[in-house]
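Down below is the structure, laid out as structure tokens.
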Amino acid sequence: MSKGSGKQGGGASLQPPRGTRDFYPEDMRRRSWLFERFREIALRFGFEEVDAPMVEHAELFTRKAGEEIVEQLYHFELHDRHLALRPEFTPSLARLVIARQGALRFPIRWFAIAQNWRYERMTRGRRREHYQWNMDVWGEPGVEAEAELLGAMFAALDGLGLARGQVKVRLNSRGLLEESLRGGVLADRPEVFAPLCVVIDKIDKIGAEAVTDLLCSADGEVRLTSGEAERVIEMLGARSLDEAARFTTPGSQALADLRTLYDLLDAYGIADQVPFDASVVRGLAYYTGVVFEAFDAQGSLRAIAGGGRYDRLAETLGGRPVPAVGFGFGDAVIGELLADEGLWPELGREIQDVVHAFGPEEKTAAIRVATRLREQGRRVELTLGQSKLKRVLGDADKAGAERVFLIGEDERRRGVVTVRDLARQTEHEESLDGGSR
RNA sequence: GUGGGCGUAGCUCAGUUGGUUAGAGCGCCGGAUUGUGAUUCCGGAGGUCGCGGGUUCGACCCCCGUCGCCCACCCCA
């Protein structure tokens, strides 16, 4: 069977399902490198790592707000259960928090590196499966939490080698919009705010007119007056807090929060990397306040990361109210950006020592030597079977080894091992237990 | 979903207007003093040319279908 044979070829395809990836050792080294950077920054910011099952009850994800993320759910019925692969980590995280709500001391700072699944059409930087670094703060209503998260995000970008200015974060608050509609449509029907935001999120893709139509449509969920819709569209054009202030109600809490946030971001040294942009609302229903998304400055790729405040998710899922804010940072788009910028490091096997027995008689001695070295913390490859010295040395060199330990008949008889230093091309003998001779 | 491009050795690709044993580089294996690696030299293995069907005396090449990948648009985070 050949690699390209599809359904016609007979037998199982050797290709992974569309939109999914295999990770060979060289791929896994890069993935691990990336995840180590995420993990290191998270720990440096005092966050604790958590995880949850990749399969959840489907109901955890099936919100009704027209979100694409819900429509693209991988789900299935098994026995009497309706299960789904998680399309994002936040609902699972909420479940974890709610289940121990009485025992947790807030605020809590948790992170996860989770694989998520969405059945969607593929483009560059977008697959049906991806890993996402999630950073979340629960129990802190103030924008100090947002600032800390954005500080961590930029620290991670620094750690990946991206120069300042290569990645920017557009930021807004849904609170501005929510406040301005509070006296109108939201007074009677506060529940339409989420679907309203989901519709607005489409403005860059379908245009202002189409969005206005959707917002005012008599058949739609939102049903704004044309005056309200006009005001909303106009407000989305604001690109500074002062511009936004023209649309806000006097004493706007959302605007005050944003001003405070920018003061804090300035202290982190990143305020100039985070332009205000009133058109950012994000496509998820549960966001309530500040929302943001990171993108490459050239604008050639999809969003790198995104997040926001979701103060009502806990109660939506049956818990007591707890404010929360977080972001997700995917591995796919950042991987493309690192590739474009030539920032992926050369990663080798990092074997340190190779131990080789020339014949069956020397195998036990070789095992003892390898064990001794491994107990010292060295990364040791023990050669298996029979192979020629030429090959052993060549492979050791390619694997990045520093030394090769050789045990042949002569060494065995004298109770020693020949240690070859590959870089210096020198050799000396040691006793089998490591003593010098 | 629409349009375009591409599927030839493990990898990157070449393959003249359809013509007989389908090539290169890298990699892999073996050899050049039986236990000494990056260079060099010599040799070798490995492909039903994505898959299926059709046209033809003859198809990697032309036609149809199909699967997969890439790009753009559409759609959407």
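Below, chain A is the first sequence line, B the second, and so on; all start at residue 1. Note that the coordinates shown come from a computational prediction; the quantities given were computed from them, not determined experimentally. Values reported hereafter were calculated over all heavy atoms of this structure, with side chains retained and with hydrogens, waters and symmetry mates removed.
- Every residue was checked against the side chain to side chain donor-acceptor pair (under 3.5 Å) condition with A:E315, not counting sequence neighbours, and none meets it.
- Evaluation of the side chain to side chain donor-acceptor pair (under 3.5 Å) rule for A:R282 yields A:E293 as partners, not counting sequence neighbours.
- Within the 4.5 Å cutoff, the side chain of A:E411 has no heavy atoms near those of the A:E362 side chain.
- In terms of the side chain to side chain donor-acceptor pair (under 3.5 Å) criterion, residue partners of A:D158 (sequence neighbours excluded) are, by chain and number, A:R164.
- Note: NE2 (A:H356) to P (B:G37) measures 13 Å, nearest angstrom.
- Picking from B:A77, B:G37, B:G35 the nucleotide with the shortest atom distance to the side chain of A:L422 gives B:G37.
- For RNA chain B, runs of at least 3 consecutive pairs of the Watson-Crick or G-U wobble type, with both hydrogen-bonding distances under 3.5 angstrom, map to B:1-7 with B:67-73, B:10-13 with B:23-26, B:28-32 with B:40-44, B:50-54 with B:62-66.
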Every protein N/O lying under 3.5 Å from an N/O of nucleotides 70-74 of chain B:
residue, atom, partner, partner atom, Å
B:C74, O2, A:R121, NH1, 3.0
B:C74, N3, A:R121, NH1, 3.4

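- With B:C69, B:U36, B:C76 as the candidates, the nucleotide lying closest to the side chain of A:R18 is B:C69.
- Across all strands shown, A:Q132 has no heavy atoms under 4.0 Å from either base or sugar-phosphate atoms.
- Nucleic acid contact class of A:R420 (heavy atoms, under 4.0 Å, all strands): base.
- Distance check: A:E88 CD to A:L284 CG gives 5.5 Å after rounding to the nearest 0.5 Å.
- Atom CD of A:Q425 is separated from atom C1' of B:U36 by 10 Å (rounded to the nearest Å).
- Listed by first then second residue, pairs satisfying ring pair (Phe, Tyr, Trp, His ring centres under 6.0 Å) with a partner in residues 346-400 of chain A read A:H356-A:F358, not counting sequence neighbours.
- Taking the ring centre of A:Y131 as origin, the terminal cationic atom of A:R31 falls inside the region bounded by 6.0 Å and 45° from the ring axis.
- The side chain to side chain donor-acceptor pair (under 3.5 Å) test applied to A:D277 returns A:R239, A:S279, not counting sequence neighbours.
- Side-chain proximity of A:R282 to the nucleotides B:C76, B:A77, B:A38 is greatest for B:A77.
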Distances under 3.5 Å only, N/O to N/O: pair up the protein atoms with those of nucleotides 43-46 of chain B.
none

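- Atom C1' of nucleotide B:U36 and atom CG of A:L406 are separated by 8 Å, given to the nearest angstrom.
- The stretch residues 363-377 of chain A participates, sequence neighbours left out, in these side chain to side chain donor-acceptor pair (under 3.5 Å) pairs: A:R372-A:E430.
- Residues A:H75 and A:H82 place their aromatic rings such that the two centres sit under 6.0 Å apart.
- Checked against a 6.0 Å centroid threshold, the rings of A:F327 and A:W133 count as neighbours.
- If you check residues 381-404 of chain A against RNA chain B, the residues with a heavy atom closer than 4.0 Å are A:K388, A:L389, A:K390, A:R391, A:L393, A:G394, A:D397, A:K398, listed by number.
- Between A:K202 atom NZ and B:A77 atom C1' there is a gap of 10 Å when expressed in whole angstrom units.
- A:E179 places no side-chain N or O within 3.5 Å of a backbone atom of A:L176 that could act as its donor or acceptor partner.
- Between A:D22 atom CG and B:C11 atom P there is a gap of 13 Å when expressed in whole angstrom units.
- Remark: the A:E293 side chain and the B:A77 base include a donor-acceptor N/O pair separated by less than 3.5 Å.
- The stretch residues 137-156 of chain A participates, sequence neighbours left out, in these ring pair (Phe, Tyr, Trp, His ring centres under 6.0 Å) pairs: A:W138-A:Y310.
- Not a single donor-acceptor pair, N or O on each side, falls under 3.5 Å between the base of B:G35 and the side chain of A:E427.
- Rounded to an integer number of Å, the gap from A:N116 CG to B:C76 C1' is 17 Å.
- Applying the ring pair (Phe, Tyr, Trp, His ring centres under 6.0 Å) definition to pairs two or more places apart or across chains, none involves residues 372-392 of chain A.
- Residue whose closest nucleotide on RNA chain B sits further toward the 5' end, between A:G306 and A:I407: A:I407.
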